[in-house]
Amino acid sequence: MVSIVTGSSKGIGFAIAKAFVSRGMQVVLTARKEDELREAAAALASEANVHTVRADVRNWPDADRLIKEAVQRFGGVDVLVNNAGVGKFAPVADLSLDDWQQVLETNLSGVFYCCRAAMPEMKRRGGGYIVNISSLAGKNAFAGGAAYCASKAALNAFSEALMQEVRHDNIRVSYVMPGSVSTGFGDRGFGGEADWKSAPEEVAEVVVDLITLNPRSLASRVELRPSRPPRKG
């Protein structure tokens with residue numbers, strides 16, 4: 001089984017890639033920084049089953065090239081995990097145009113580009129699975145997170161529509177909405193600073209469960225949150 005995981009040089013993406021490799025899957029790692037990709041690939045220690053492609057999913061040519069390189073290297077695409085994401089947090093009045101565009105282009109347009117490029121290859125192989133990593137911020141908006149929350153709310157709607165469009169092509173589509181995850185995303189703490197948060201490996205477990213679920217059923221949406229966050233007040 002051939003998988004592509006975007007934003008897989010660290011955090012949730014790396015945890016998903018590691019889980020896939022441990023199951024014997026062939027995995028294409030992709031991110032924007034070549035040095036981080038090399039480090040991630042070395043950490044997986046599975047040269048035969050891992051291929052890296054430096055790409056910026058905000059650009060259609062890069063997304064298209066990513067899929068084509070995966071097909072060239074491993075023969076096709078069975079699983080696409082759209083994990084690449086950006087968080088820029090500021091009040092709307094202070095949010096720069098560049099930050100707004102970077103968030104929307106990465107978190108939403110990048111998913112569209114990768115799906116659009118991958119779906120013909122999945123159809124050619126008789127089906128596949130697309131997992132979009134969203135966020136609980138897509139349904140629980142908060143001050144200072146307008147760009148991020150809007151991008152994830154749109155991603156949720158995109159995923160719901162796509163799921164209905166391709167289900168009869170034997171392509172399953174799910175989106176996972178984690179809450180607080182200990183990755184340091186958006187400079188919001190990781191490791192000992194956030195032990196109450198979910199671990200990236202726990203998100204990866206959910207993704208593995210999704211793609212291995214009996215194909216008669218589809219868990220189209222999963223909400224994942226820490227079971228014991230700090231008490232308020």
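Numbers for residues simply follow the sequence, beginning at 1.
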Can you list the steps and then say if Val207 with Val222 is a side-chain contact (heavy atoms from CB on, under 4.5 Å)?
CA-CA 10 Å; Val207 175; Val222 179; over 6 Å; no
Go through the structure and list residues passing side chain to side chain donor-acceptor pair (under 3.5 Å) with Lys139, not counting sequence neighbours.
Glu223
Between Asn107 (side chain) and Ser151 (backbone), is there a donor-acceptor pair under 3.5 Å?
no
Check: Ser8 side chain, Thr30 main-chain N or O, donor-acceptor pair, under 3.5 Å:
yes
Is any side-chain heavy atom of Arg172 less than 4.5 Å from a side-chain heavy atom of Leu213?
yes
State plainly whether the residues Arg221 and Glu160 are in salt-bridge range, i.e. N to O under 4.0 Å.
yes
Arg65 bridged to Asp62 by N-O distance under 4.0 Å:
yes
Between Phe20 and Val81, is there a side-chain heavy-atom distance shorter than 4.5 Å?
yes
Student check: side-chain heavy atoms of Val208 and Arg23 closer than 4.5 Å:
yes
Under 3.5 Å side-chain donor-acceptor pair for Ser134 and Asn156:
yes
Just by modelled atom types, is the Val103 backbone N or O under 3.5 Å from a matching donor or acceptor in the Arg58 side chain?
no
Determine, using the 4.5 Å side-chain heavy-atom cutoff (strictly less than), whether Val111 and Ile12 are members of one ILVMFWY cluster.
yes
